[in-house]
Amino acid sequence: MKRHFHIITYGCQMNRYDSGALRTLLEERGHKWVEHPDNADFIVVNTCAVRQHAENRALSRLSMLASMKKKRKNLLVGIMGCVAQELGEEIVQKIPTIDFIVGTDKMAVVADIADGGVNGKIFTDIDKEFRGIDIPAHIEKGARSAFVTIMRGCDNFCSYCIVPYVRGRERSRSPQKIIAEIKNAVASGIVEITLLGQNVNSYRYDALDFPALLDKIAQISGLQRIRFVTNHPKDFSPKILDTVEKHADKIPPAFHLPLQSGSDKILAAMNRKYTFSQYLRTIEQIYRRFPDAAVTTDIIAGFPGENDDDYSATLAAIDKVRFAGIFAFRYSVRQGTAASHLEDNVPEEIKIARLNEIIRKGIHYAKTYSHNLIGTVQKVLLEGDAPKNPGFLRGIAPSGRIVLFPKNEFADKIVPVKIEKAGTWILWGKI
Ligand code: SF4
């Protein structure tokens, strides 16, 4: 039986990529994608377990979808991804009518279920070998940018993070599969690729490490821009900078390096495996070689045991690094992690006050970074019309900033734009 399917995706870029890969797999087997769940008879919710809130949202959506089964007898509704992996059978207790629960990295099982060739409904053993499926992820018509997963899982066990438990240990994909997928994407009109992994810096396939992989990818003809996320400060090596420098025309010096805290005591409690001075040394190397580098980061406010001194160390770290962007979060307990055994002892109002100050500082430096780009010419990857600014086109600068510029019929996929005005996250200019 051929099904009409829809996939609902929560969470990170990796989940978006996995949903794209599942879509290709289902289409290859003859099932038909539909834009709206109301028109589907096979619905998959791909979930994220990083935050309790995201998990709750996904489960309540799932419960709503499962309730549609009362009226639509042939409808199958299931869950895949990190929440499925984490909760497994518990989901049946919460949503008894659910048809299938498929953990991480099991897109092929979901496809078998759609085909009608599978008995049972819970599949949550972690596949230690899975390195990605062989078919390329779905690419939207007219898209210029795409994600490609290069490795899966994580060995780092940061104490606040659930990922190593739900995505398993690190496995790197073969360079042949990665390169074939990128070439296929380029042939479909893609000019920018973002390489994905929980820690791309620890990519290794036989003797090939991440800088060597990056070097190979940069030689693919037709590919014009390469990004990569996420880096881990303990694994970020000068060899990566060598490769970025060698392919400066294709790899912008934009690095997301999650700091999390400026306090060595808190970094140790988080099991991050670097001190702030080690982190700073990496940043100094980056700025020495790429003075305009866009360094962005993640920071957690109010981790257990964070006192005023630890918090001040984080503020001082922000002042030293002058990040182009900060993604700040307030700590919340994630059950199943090592940190869930620590007393969550920073009062909520203090967490919020610290978070707000980190955000305020983050905006200040983000604005400074953007303002420094006024007068420069940026190679902007054109995305299309700017929906909120009629008469303007919208694109992405190498730093990741959004750029708006007056509509121009000669605009190519990557256009040089002279920046004339800057907000915090948006730049304005002219071709
Ligand atoms: S590096 Fe740390 S934060 Fe990132 S996925 Fe691995 S355990 Fe989680």
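Numbering starts at 1 and runs along the sequence shown. Atoms considered below: every heavy atom in the structure, side chains included; atoms not considered: hydrogens, waters and symmetry mates. Both ligands and their constituent atoms are indexed starting at 1 by order of listing.
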Could you tell me whether [X] and [Y] make a salt bridge, using a distance below 4.0 angstrom between a side-chain N and a carboxylate O?
| X | Y | answer |
| --- | --- | --- |
| Arg152 | Glu170 | no |
| Asp242 | Arg289 | yes |
| Arg354 | Glu357 | no |

Pair Phe323-Tyr369, ring pair (Phe, Tyr, Trp, His ring centres under 6.0 Å): steps then yes or no: CA-CA 8 Å; Phe323 294 103; Tyr369 181 86; over 10 Å; no
4.0 Å heavy-atom contact, Arg272 with ligand 1: yes
Flag side-chain contact, heavy atom, 4.5 Å: Val50 against Cys161: no
Interfacing atoms of ligand 1 (cut-off 4.0 Å, heavy-atom, His232):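 Contacts of ligand 1 toward His232, numbered from 1: 1 (S).
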Ring pair (Phe, Tyr, Trp, His ring centres under 6.0 Å) between His256 and Phe327, intermediate numbers included: CA-CA 10 Å; His256 186 68; Phe327 301 86; 5.6 Å; yes
Parallel, tilted or perpendicular: rings of Phe255 and Phe290 (30°, 60°):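 Taking Phe255 first and then Phe290, their aromatic rings sit tilted (interplane angle of 30° to 60°).
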N, O or S atoms of the protein lying under 2.8 Å from atom 8 (Fe) of ligand 1: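 For atom 8 (Fe) of ligand 1, the protein N, O and S atoms that sit under 2.8 Å away are Cys161 SG.
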